[in-house]
> 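Sharing a structure, written as structure tokens. Questions coming.
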2 protein chains.
Amino acid sequence: MTQQERSMFNCPVEATLSLIGGKYKPIILWHLIKEPLHYMELQRLIPGATPKMLSQQLRGLETSGMISREVIPEKPPRTIYSLTEFGKSIIPVLDVMCTWGTDYLNGLNVKTPCQKQERG
Amino acid sequence: MTQQERSMFNCPVEATLSLIGGKYKPIILWHLIKEPLHYMELQRLIPGATPKMLSQQLRGLETSGMISREVIPEKPPRTIYSLTEFGKSIIPVLDVMCTWGTDYLNGLNVKTPCQKQERG
DNA sequence: CCGGATCCTAAGTGATACTG
DNA sequence: CAGTATCACTTAGGATCCGG
């Protein structure tokens, strides 16, 4: 069983990475810190992600309990994503990784769409 | 060119993940925090990694400047790996990730070979 | 002892088109 | 609007053998 192997982490760091290691997971969580967002809003905020990838990553985050998904039954239907309490608990981790990554990228003189200051 | 795309991070967090995201990279760094180690010692500390994987991950860490590699010209030859200053700079990041991951795994009642207390 | 070379599988990712 | 289906591609990761 592959699930067994996924539980065989060498260290807790790997467990953390298994939850936020996806291609767009950090940036999704990052955007949701400030406020809950609709699928379309996330799509607009993360242009590089195709609908499939966005859904996939959102589904993964939902499965791991980091975000919640609420469907608003209206026309047209909309879905809103927000951080759970568990999801909020990982903010400090993202924060530290973002700070370190920013310093690292500054050293390389590289910019990214989402920088630290966006958190406010 | 793929290298271009790899520089197109959505956020600094991804940049951080690109350096420590490998399968055995966190655990390698973790072990090197306390002291420089020989290849064989790392091999013993990380039984799950095959020689190829260990070399591969070490090479990756060396390329990104996080560890340094020194060959001791003796019979039999030995190689010693140690953290660079740059590598040491990421310790706090690993520390936070480890702490969070430990709490997470405790909630799941799961253990890993390398826990927080091993850092001393 | 250290690790490169080769081959292979599985997972992650991407593009496009399509549906409720 | 909010996804799903399908196919193709890339990469990470693993097994095994071989060389310095």
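As the structure is a computational prediction, the values presented were derived from the model and not from experiment. Letters A, B, ... mirror the listed sequences (proteins, then strands); counts begin at 1.
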> Does the side chain of B:W100 reach to within under 4.5 Å of the side chain of A:S89, using non-hydrogen atoms?
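Yes. Closest side-chain heavy atoms under 4.5 Å.
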
> Would you say that B:L58 contacts B:Y39 through its side chain, given a criterion of any heavy-atom pair below 4.5 Å between the two side chains?
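B:L58 reaches B:Y39 side chain to side chain.
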
> Between the base of C:dG14 and the side chain of A:K52, is one N or O donor paired with an acceptor at under 3.5 angstrom?
yes

> Quick check on C:dG14: is either OP1 or OP2 less than 4.0 Å from any side-chain nitrogen or oxygen of A:K23?
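Yes, within the criterion.
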
> Could you walk me through whether A:I91 and A:L83 satisfy the side chain to side chain contact (heavy atoms under 4.5 Å, CB included) test, starting with their C-alpha distance in whole Å, then the side-chain angles of each, then the deciding distance to 0.1 Å, before giving a yes or no?
CA-CA 10 Å; A:I91 294 179; A:L83 287 189; 4.0 Å; yes

> Between B:T79 (side chain only) and B:E70 (backbone N and O only), is there a donor and an acceptor less than 3.5 Å apart?
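Here the side-chain-to-backbone pair does not exist.
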
> Quick one: is C:dC2 close enough that its OP1 or OP2 comes under 4.0 Å of any side-chain N or O from B:R69?
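The answer is no; no side-chain N or O of B:R69 sits under 4.0 Å from OP1 or OP2.
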
> Send over the distance from A:Q43 CD to C:dA15 P, rounded to a whole Å.
12 Å

> Taking the side chain of B:M40 as heavy atoms from C-beta outward, which of C:dG14, D:dC1, C:dC2 is closest to it?
C:dC2

> In whole angstroms, how far is the P atom of C:dC1 from the CG atom of B:L42?
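After rounding, the reported distance stands at 14 Å.
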
> Should A:R78 be listed as having a side-chain N or O under 4.0 Å from OP1 or OP2 of D:dG3?
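Negative; the distance criterion is not met.
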
> Within the pair B:S55 and C:dC2, is there a side-chain N or O less than 4.0 Å away from OP1 or OP2?
no

> Please give, in whole Å, the distance from D:dA12 P to B:L17 CG?
14 Å

> Rounding to a whole Å, what distance do you find between B:I27:CD1 and D:dG13:P?
15 Å

> Are B:R59 and B:E62 within salt-bridge range, i.e. N to O under 4.0 Å?
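Yes, charged N to carboxylate O under 4.0 Å.
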
> Nearest of D:dA2, C:dC2, C:dG4 to any side-chain atom of A:H38?
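Nearest to the side-chain atoms of A:H38, counting from C-beta on, is D:dA2.
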
> Please tell me which of the listed nucleotides, C:dC1, D:dG13, C:dA15, lies nearest to the side chain of A:T50?
C:dA15

> If I take atom CD1 in residue B:I72 and atom P in nucleotide C:dC2, what distance separates them, rounded to the nearest angstrom?
11 Å

> Rounded to the nearest Å, what distance is computed from the CG atom of residue B:L58 to the C1' atom of nucleotide C:dG4?
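Rounding to the nearest Å, CG of B:L58 and C1' of C:dG4 are 14 Å apart.
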
> If I take atom CD1 in residue A:I67 and atom P in nucleotide D:dA2, what distance separates them, rounded to the nearest angstrom?
14 Å

> So, is B:Y81 near the phosphate of C:dG3, with a side-chain N or O under 4.0 Å from OP1 or OP2?
yes

> For D:dA12 and B:Q57 - does any side-chain N or O of the residue sit under 4.0 Å from the phosphate oxygens OP1/OP2?
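Answer no for this pair, as no side-chain N or O of B:Q57 is under 4.0 Å from OP1 or OP2.
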
> What is the distance, to the nearest angstrom, from the CE atom on A:M53 to the P atom on D:dC9?
18 Å

> If you assign B:A49 and A:P51 each to the DNA chain D nucleotide with the nearest heavy atom, which residue ends up on the more 5' nucleotide?
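Nearer the 5' end of the strand: A:P51.
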
